[in-house]
A.B. asks: 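Pasting a structure here, questions to come.
First listed ligand is number 1; within each ligand, the first listed atom is number 1.
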Amino acid sequence: MNENLHLTGFSKSELAEFAAQIGEPKYRAKQIFRGLHSRRLLSFEEMTDLPKTFREKLNEIAAASTLRVESRYVSEDGTRRFLMKTHDNFPVETVFIPTENRDTICFSSQSGCPLKCDFCLTAKLGLLRNLTAGEIVEQIIIVLNDVYGVGEETPHGTNLVAMGAGEPFLNFENLTKAIEIMADEEGLFIVPNRITVSTAGIVPKIYEFAKLEKRPHLAISLSAPNDELRDKLMPINKRWKIEELLKAAKEFEKSLRRGERFTFEYVLLGGVNDTDEHARELASLLNSYELNRVKINLIPHNSAEPLEYHPSSWEQVEHFKEILESKGVSAYVRRPRGRDIYAACGQLAAKDTPNLVQILI
Ligand code: SAH
């Protein structure tokens, strides 16, 4: 096996080139693409429409799968967390979140994360490395196969969010390549319209993202209504201030499609950024930029050792939301999911805790 030729991350044209290079006809590339992405087979052996000798050859010179699932945790609310390792032993975490009318897969774009958001556990890992396009796509295939069975049709309405470990906009090329591969109608067929990418605010990439022809939805993690506080909570703010971030957001608004909105995420930290005054400041900030096609997702903080924050009371969460709404800003509260298995936002830190209910594959 050669992990550097991870065919799961090859676009159709790259696969065609690969087939040509090894002296195989073009249609082999198509068969491999369909095997990996439509039938969701993560081993060449199973692609029985390919001649046996060719499958053996592929096995030697390339790889269909480079991730291995080390543990799989199931929350009492049905959320599943997959702790995987890359071939060179870096952690990758992916979360499956079922809801009544649609399922969501939350995937990672990096192993660890270089941003030092003070309230996030992933930050404690630091950046380990960028994930390849193949590693991003494979996460989704592994989860789909676990939940729906190998080769079964992906239920319509499965959404993807790039909200796992890492900062997607610091791995822009691999992320956009993975998104393109997943959108293919002869493959997974998960269109960008069902994908949301969340950024802590890498401003130049917001402009670039806005120009993508097949652009997913955007979420921006704001979490503070002024620079003084945001500098402390999210050090990326020292590089790009709120003003620059909101200018980019304003520009991004122009790229929205009919009926589409974009999101600001706001992690509510008890006593830190959740007072009535903060809510009023936030509303007037957004109103001053005339950001009309935006909604705010309020995320109650998911606490975990050694983070020093605690969530706001439910009364205050509701109250914060009401203040925003009274000033014309739409706000929603994100219910925490999978907290008991360290699967919730900001809890992905490759935790393999023995006292969790662990179901090994
Ligand atoms: N780096 C990107 C992608 C991560 S998305 C970003 O920052 O947007 C993860 C979301 O969870 C972000 O909105 C982040 O602010 C939020 N988050 C991080 N730690 C959290 C925690 N402990 N509790 C609740 N939300 C948290």
Side-chain angles (χ1 to χ4, degrees), residues 79 81 92-95 97 104-128 130-131 136 139 159-172 175 195-203 205-206 209 216-225 229-230 232-237 239-240 245 248-249 252 262-270 272-274 294-312 317 320 331-349 351:
T79 301
R81 177 167 70 99
V92 176
E93 286 180 278
T94 319
V95 178
I97 309 150
T104 301
I105 297 173
C106 174
F107 65 93
S108 295
S109 54
Q110 298 181 310
S111 181
C113 183
L115 305 181
K116 299 191 165 7
C117 302
D118 206 34
F119 46 77
C120 178
L121 209 55
T122 312
K124 309 289 175 216
L125 294 175
L127 176 64
L128 301 171
N130 273 343
L131 298 180
I136 294 175
Q139 288 175 63
N159 291 335
L160 302 185
V161 294
M163 297 187 185
E167 167 50 48
F169 281 0
L170 292 178
N171 190 15
F172 198 80
L175 175 86
I195 304 178
T196 302
V197 177
S198 177
T199 179
I202 312 296
V203 167
K205 293 293 174 194
I206 296 177
F209 188 73
H217 301 290
L218 178 69
I220 299 175
S221 301
L222 188 58
S223 294
L229 185 54
R230 199 166 187 268
K232 280 193 205 136
L233 299 177
M234 301 178 68
I236 191 71
N237 198 64
R239 177 73 181 80
W240 290 288
L245 184 59
F252 180 80
F262 73 105
T263 309
F264 281 118
E265 290 157 294
Y266 195 101
V267 183
L268 283 169
L269 308 163
V272 175
N273 66 354
D274 71 337
V294 65
K295 62 181 161 80
I296 300 214
N297 271 350
L298 299 170
I299 315 177
H301 186 247
N302 299 304
S303 307
E305 291 274 335
L307 301 176
E308 280 167 4
Y309 298 96
H310 61 89
S312 317
V317 172
F320 199 94
Y332 300 82
V333 176
R334 218 139 5 95
R335 301 273 144 195
R337 299 291 304 265
R339 270 183 179 170
D340 54 340
I341 55 159
Y342 287 91
C345 293
Q347 289 190 314
L348 301 183
K351 266 192 192 284

A.B. asks: If the condition is salt bridge (charged side-chain N to carboxylate O under 4.0 Å, His left out), which residues does Arg335 pass it with, not counting sequence neighbours?
C.D. replies: Glu318
A.B. asks: Please determine if Ser223 has a nitrogen or oxygen closer than 3.5 Å to a nitrogen or oxygen of ligand 1.
C.D. replies: no
A.B. asks: For atom 10 (C) of ligand 1, grab the closest protein heavy atom and report residue, atom and distance to one decimal in Å.
C.D. replies: Glu265 OE2, 4.1 Å
A.B. asks: Sequence neighbours excluded, which residues qualify as side chain to side chain contact (heavy atoms under 4.5 Å, CB included) partners of Ile97?
C.D. replies: Thr79, Val95, Thr104, Cys106, Arg337
A.B. asks: Does some side-chain heavy atom of Lys205 sit less than 4.5 Å from a side-chain heavy atom of Thr199?
C.D. replies: no
A.B. asks: I'd like to check which ligand 1 atoms, numbered from 1 as shown, lie under 4.0 Å from a non-hydrogen atom of Ile299.
C.D. replies: 24 (C), 25 (N)
A.B. asks: Between Thr263 and Thr196, does a side-chain contact (heavy atoms from CB on, under 4.5 Å) hold up when you go through it step by step?
C.D. replies: CA-CA 10 Å; Thr263 309; Thr196 302; 5.6 Å; no
A.B. asks: For ligand 1, is any non-hydrogen atom under 4.0 Å from Tyr309's backbone (N, CA, C, O), its side chain (CB onward), both, or neither?
C.D. replies: neither
A.B. asks: Which residue supplies the protein heavy atom nearest to atom 23 (N) of ligand 1, what is that atom called, and how far is it?
C.D. replies: Asn302 N, 2.8 Å
A.B. asks: Using a strict 4.0 Å cut-off to heavy atoms of Cys120, name the atoms of ligand 1 that fall inside it.
C.D. replies: 18 (C), 19 (N)
A.B. asks: Apply side-chain contact (heavy atoms from CB on, under 4.5 Å) to Val333 and Phe320, showing your working.
C.D. replies: CA-CA 10 Å; Val333 176; Phe320 199 94; over 6 Å; no
A.B. asks: To which protein heavy atom is atom 25 (N) of ligand 1 closest, and what is the distance rounded to 0.1 Å?
C.D. replies: Cys345 CB, 3.4 Å
A.B. asks: So, is Pro168 polar-close to ligand 1, with some N/O to N/O distance under 3.5 Å?
C.D. replies: no
A.B. asks: Measuring only between side-chain heavy atoms, which start at C-beta, is Leu245 closer than 4.5 Å to Arg230?
C.D. replies: yes
A.B. asks: When you look at Thr122 and Glu93, which way does the side-chain contact (heavy atoms from CB on, under 4.5 Å) test go after all the steps?
C.D. replies: CA-CA 10 Å; Thr122 312; Glu93 286 180 278; over 6 Å; no
A.B. asks: Below 4.0 angstrom from a heavy atom of Thr199, which ligand 1 atoms are there? Numbered from 1 as shown, please.
C.D. replies: 6 (C), 8 (O)
A.B. asks: Just checking, is any N or O donor in the side chain of Ser221 or Glu265 under 3.5 Å from an acceptor N or O on the other one?
C.D. replies: yes
A.B. asks: What is the nearest protein non-hydrogen atom to atom 12 (C) of ligand 1, stated with its residue, atom name and distance?
C.D. replies: Ser221 OG, 3.3 Å
A.B. asks: Contact between Trp240 and Ile202 at the side-chain level, heavy atoms closer than 4.5 Å - yes or no?
C.D. replies: yes
A.B. asks: For atom 9 (C) of ligand 1, what's the nearest protein heavy-atom neighbour? Residue, atom name and distance, please.
C.D. replies: Met163 O, 3.7 Å
A.B. asks: So which protein heavy atom does atom 19 (N) of ligand 1 come closest to, and at what separation?
C.D. replies: Gly346 CA, 3.1 Å
A.B. asks: Quick test: of every protein heavy atom, which one is nearest to atom 16 (C) of ligand 1, and how far off is it to 0.1 Å?
C.D. replies: Val267 CG2, 3.7 Å
A.B. asks: Tell me which protein heavy atom sits closest to atom 4 (C) of ligand 1, plus the residue, atom name and distance to 0.1 Å.
C.D. replies: Gly164 O, 3.7 Å
A.B. asks: Less than 4.0 Å is my threshold; does some heavy atom of Gly166 fall inside it relative to ligand 1?
C.D. replies: yes
A.B. asks: Quick one: does Val197's side chain get under 4.5 Å of Phe169's, heavy atoms only?
C.D. replies: yes
